[in-house]
Amino acid sequence: MLVNPTRGYHWSDAETRALLTIWGEHDVQTALDGNFRNSHVYRDVAGRLGDMGYDRTPDQCRVRVKSLKRQYFQAKKASKKNGHFAKIFRFYKDMERILSSRSSAGLDAHDMDGMGAEGDETLDGTEEDGESVDQPHESDVDAAGECSNMEYPVKIEYPPYPIPVTVGSCSNAPDVPAKQSEEQTSTMPSSSGSRRHKKRFANLSLEKLMEKFLEQSLEAEENFYRLEEQRLQAEDLRRETEHTREMHMLQMLGQMFAGLSTPTVTSSTAPQSTRNSKTAPSVTHARPYGGSQSLQTSQVDYANPSPPAAPVIERTYSLGGGAHRSMDILPLVKNIIPPLTSKKHKGQDGRIGVIGGCQEYTGAPYFAAISALKIGADLSHVFCTKDAATVIKSYSPELIVHPVLDRPNAVEEIEKWLPRLHCLVVGPGLGREDKLLNNAKEVIEKSKSRGIPIVIDADGLWLVSKEPSVIQGYQRAILTPNFMEFTRLYEAMHHQALDSTDLRVTVQQLSIALGNVTLLLKGEEDIITDGNQVLTCSQEGSGRRCGGQGDLLSGSLGVFSHWAFSSSLNATEGMNPTLVAAFGASSLTRQCNNQAFHKYGRATTTTDMIQEICAAFMKLFET
Ligand SMILES: NC(=O)C1=CN([C@@H]2O[C@H](COP(=O)(O)OP(=O)(O)OC[C@H]3O[C@@H](n4cnc5c(N)ncnc54)[C@H](O)[C@@H]3O)[C@@H](O)[C@H]2O)[C@@H](O)CC1
Ligand SMILES: Nc1ncnc2c1ncn2[C@@H]1O[C@H](COP(=O)(O)OP(=O)(O)OP(=O)(O)O)[C@@H](O)[C@H]1O
């Protein structure tokens with residue numbers, strides 16, 4: 001169940017306990033120890049928290065753990081003085097258990113020694129150097145006062161002078177009247193002054209003091225998390241801006257190269273201009289690349305398809321033929337493939353959901369979901385109708401099958417799983433019943449609001465051709481039409497018959513009309529575009545076209561998409577992750593087809609191709 005659908009700065013006790021349970025696990029502690037960079041570990045922690053229904057970013061987890069460690073050490077230090085402070089930090093025992101077993105395991109003996117190895121956050125806040133047990137400085141213990149969440153009023157040895165309180169910072173202290181506090185902030189108390197203040201404190205009841213102290217502690221902690229949240233948001237914005245800037249640079253570079261070589265679009269636009277004189281093509285206008293594209297789609301005249309507004313930066317990659325520029329992009333696909341290490345837990349390399357499977361079609365969702373697993377996803381879910389579920393389960397015990405798609409509360413049922421999914425594949429074997437299409441549509445909307453990458457295939461494309469707005473402008477979507485599906489989509493968007501003279505151009509036009517959604521048109525050569533760049537994949541396949549090959553493609557694309565979106569900009573060398581993912585899935589599917597055909601010839605089926613996934617994957621990406 002989704003306990004915390006919004007990411008607020010406030011952590012509930014239950015959420016904090018869940019975090020501590022995960023963070024305290026041996027594999028997490030081992031992974032944190034000795035790792036200079038730990039962002040991947042906190043990604044994992046956030047993922048596991050997601051599995052428990054709590055939606056938190058890795059950064060939020062890291063900051064929370066850091067704060068808990070600080071509070072723990074403050075409480076521990078104070079308890080040495082009066083023996084009671086352990087009681088005022090609610091999570092003391094949990095922390096004590098984790099940190100003591102950590103030090104007894106010798107994981108961080110050096111950290112326990114002192115502050116020298118303290119793992120402070122770096123300036124950009126995204127990484128923390130090798131995790132340490134953050135023991136606070138002496139002064140922190142007294143002044144920072146982060147021992148929040150006091151449960152019991154206990155006797156506290158206050159310093160002989162009031163501690164200044166700064167609202168909005170992380171520091172806390174027993175409450176004193178504001179004016180008095182101001183006075184004291186500037187000067188250290190003289191001995192006579194301290195006597196006077198002692199007397200004043202003596203007049204206040206201990207409970208009252210404790211109450212005030214608690215209130216201020218909580219307020220300061222909330223302020224701290226509010227500020228931290230703002231910092232993280234600013235950081236996200238900075239990264240996005242940086243990404244857009246890099247994309248613009250690439251676009252400019254592309255234009256420079258296009259100016260040097262013959263633009264591929266020019267030749268293809270000629271027949272179009274004779275067909276429709278109103279839309280005489282021009283390939284000279286620059287078009288910015290990136291997130292703002294979706295805003296521009298409202299200006300697109302779908303009835304009169306305009307030519308691509310930017311010159312096509314075409315990169316043709318073919319392993320089979322003589323062109324070896326494929327070597328340019330295969331490394332990018334290799335870059336996004338996560339390494340298999342013993343530090344990982346189940347789920348990290350991909351939790352994929354397939355929406356599809358009805359009475360008629362049980363094979364398609366099975367092919368998609370099992371392909372996702374065999375490519376390297378850890379968990380593969382199928383959300384199908386009740387009568388399809390038993391059949392699909394009987395094909396494979398490895399799939400997690402939910403018989404919910406035709407329930408009245410189908411959307412609610414599927415939405416519960418969305419926080420745990422890395423990518424959604426919508427359409428294989430979905431059928432065209434209105435009720436099911438409507439449910440799929442609502443699930444797409446929910447997934448979009450969560451930023452989940454979505455692959456749309458088969459009947460999912462039927463839905464898009466009826467209601468393009470369902471996916472328009474969502475640039476984490478990839479549509480994988482075959483020729484028929486492409487024609488339907490094109491005609492729905494442009495309200496005129498498809499001219500297939502130059503498919504590269506028409507695919508690009510459709511992508512632009514859809515708000516730069518990435519398209520992968522399957523065929524003799526697969527054409528992949530996000531409206532800005534066009535890739536073609538002509539990896540050698542075979543002449544065998546049995547049903548289900550497209551499902552292998554969409555299932556594997558689900559996994560590649562997750563990997564591509566979780567990779568750094570460096571890994572994809574600034575290329576749109578959807579393009580890298582689509583190229584990976586396309587080459588793999590064709591390679592499977594080729595290998596299976598060598599063994600079975602005309603008798604090749606999709607099941608034979610799925611058997612080839614392991615060898616094809618190794619051949620393409622692991623050599
Ligand atoms: N074993 C299974 O359960 C399978 C189920 N499938 C499902 O079947 C449903 C309908 O899929 P369809 O693909 O039949 O969709 P459509 O009902 O839209 O049919 C498309 C038609 O176009 C034809 N076609 C394909 N490429 C063409 C080309 N280049 N030129 C001319 N004609 C072309 C095909 O022969 C097919 O008859 C989907 O839900 C799909 O997922 C398919 O995935 C195949 C396997
Ligand atoms: N003429 C061709 N030559 C080589 N490979 C092809 C050819 N046509 C399609 N393919 C490859 O076959 C795979 C599936 O494409 P296909 O057109 O069969 O999809 P589909 O019709 O949607 O499949 P499905 O039967 O699953 O619905 C793609 O990877 C594509 O690259």
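Every heavy atom of this structure was used, including side-chain atoms; hydrogens, water molecules and symmetry mates were not. For ligands, and for the atoms within them, numbers begin at 1 and follow the listed sequence. Computed from a predicted model, the values in this text were never measured in an experiment.
For Q591 (side chain) and F617 (main-chain N/O), no donor-acceptor pair under 3.5 Å exists by modelled atom type. Side chain of N409 to main chain of E412: no donor-acceptor pair is present (N/O by atom type, distance under 3.5 Å, no hydrogens or angles). Of the possible polar contacts, none joining the H381 side chain to the I400 backbone as a donor-acceptor pair under 3.5 Å is found. A donor-acceptor contact shorter than 3.5 Å links the side chain of N594 to the backbone of G541. Panel note: side chain R590, backbone Q539; a donor-acceptor pair is recorded below 3.5 Å. The backbone N or O of S380 lies less than 3.5 Å from no partner atom in the side chain of E398, so there is not a single donor-acceptor pair. Checked by atom type and distance alone, the side chain of R544 never pairs as donor or acceptor with a backbone atom of F597 at under 3.5 Å. Under the 3.5 Å distance criterion, the side-chain polar atoms of T529 are left unmatched by any main-chain donor or acceptor of S511.
Which parts of ligand 2 touch G547 is read off a 4.0 Å heavy-atom cut-off, strictly below it: atoms 25 (O). Within ligand 2, the atoms closer than 4.0 Å to a non-hydrogen atom of E524 are 1 (N), 2 (C), 3 (N), 7 (C), numbered from 1 in the order shown. The atoms of ligand 2 that sit less than 4.0 Å from any heavy atom of T589 are 29 (O). Ligand-side atoms of ligand 2 in range of G548: 24 (P), 25 (O), 26 (O), range being under 4.0 angstrom from any heavy atom. With ligand atoms numbered from 1 in the order given, ligand 1 contributes 9 (C), 38 (C), 39 (O) to contacts under 4.0 Å with heavy atoms of D459. Within the listing of ligand 1, atoms 15 (O), 16 (P), 17 (O), 18 (O) sit less than 4.0 angstrom from a heavy atom of R432. Taking a cut-off of under 4.0 Å to the non-hydrogen atoms of G429, the atoms of ligand 1 that pass are 39 (O), 40 (C), 41 (O). Within ligand 2, counting atoms from 1 as listed, the ones closer than 4.0 Å to a heavy atom of D551 are 26 (O). Which parts of ligand 1 touch A458 is read off a 4.0 Å heavy-atom cut-off, strictly below it: atoms 38 (C), 40 (C), 41 (O). Applying the 4.0 Å criterion to heavy atoms of P428 picks out, from ligand 1, the atoms 41 (O).
Aromatic rings of F621 and F560 (six-membered ring for Trp) have centroids within the 6.0 Å cut-off, being under it.
Around atom 5 (N) of ligand 2, the closest heavy atom drawn from Q549, M609, R545 belongs to R545. The heavy atom nearest to atom 14 (C) of ligand 2, out of those in G543, G550, S587, is found in G550.
Among protein heavy atoms, atom 28 (C) of ligand 1 sits closest to F483 CB, 3.8 Å. The nearest heavy-atom contact from the protein to atom 44 (C) of ligand 1 is G548 N, 3.6 Å. Considering only non-hydrogen protein atoms, atom 43 (O) of ligand 1 sits nearest to D551 OD2, 2.8 Å. Looking from atom 23 (C) of ligand 1 to the surrounding protein, the closest heavy atom is M484 CG, 3.6 Å. At the top of the distance list for atom 13 (O) of ligand 1, counting protein heavy atoms only, stands N482 ND2, 4.0 Å. Ranking protein heavy atoms by distance to atom 6 (N) of ligand 1, first place goes to A364 CB, 3.9 Å. Here the heavy atom of the protein found nearest to atom 17 (O) of ligand 2 is N482 CB, 3.7 Å.
Protein heavy atoms all stay at least 4.0 Å away from atom 11 (O) of ligand 1. Within a 4.0 Å radius of atom 2 (C) of ligand 1, the protein contributes one or more non-hydrogen atoms. Distance check on atom 27 (O) of ligand 2: every protein heavy atom falls at or beyond the 4.0 Å cut-off. In this structure, atom 35 (O) of ligand 1 is not in close contact with the protein, since no protein heavy atom lies within 4.0 Å of it. For atom 41 (O) of ligand 1, the protein comes within 4.0 Å by at least one heavy atom. Less than 4.0 angstrom separates atom 15 (O) of ligand 1 from at least one non-hydrogen atom of the protein.
The two residues V443 and I355 make their nearest non-hydrogen contact at CG1-CD1, 4.1 Å. D349 and H562 make their closest contact through O-CD2, 3.6 Å (heavy atoms, listed as atom of the first residue, atom of the second, distance). For L405 against G357, the heavy-atom pair with the smallest separation is CD2-O, 4.4 Å. Taking both residues in full, the closest heavy atoms of V425 and G558 are given as CG2-CA, 4.1 Å, listed atom of the first, atom of the second, then distance. Looking at every heavy atom in both residues, I392 comes nearest to T362 through CG1-O, 3.8 Å.
Residue D526 touches ligand 2 through its side chain alone, judged by heavy-atom distances below 4.0 Å. Under 4.0 angstrom from ligand 1, the non-hydrogen atoms of R488 all belong to its side chain.
Remark: distances from the non-hydrogen atoms of G541 to ligand 2 are all 4.0 Å or more.
For ligand 2, the polar-atom distance check against K522 finds a nitrogen or oxygen pair separated by under 3.5 Å. For ligand 2, none of its N or O atoms has an N or O atom of S586 under 3.5 Å away.
The side-chain hydrogen bond (donor to acceptor under 3.5 Å, both in side chains) test with D530 is passed by exactly one of N516, T518, T578, N576: N576. When each of D551, D526, D457 is paired with T480, the side-chain hydrogen bond (donor to acceptor under 3.5 Å, both in side chains) condition holds for D457 and for no other.
Side-chain N/O atoms of Q348 and D378 include no donor and acceptor closer than 3.5 Å.
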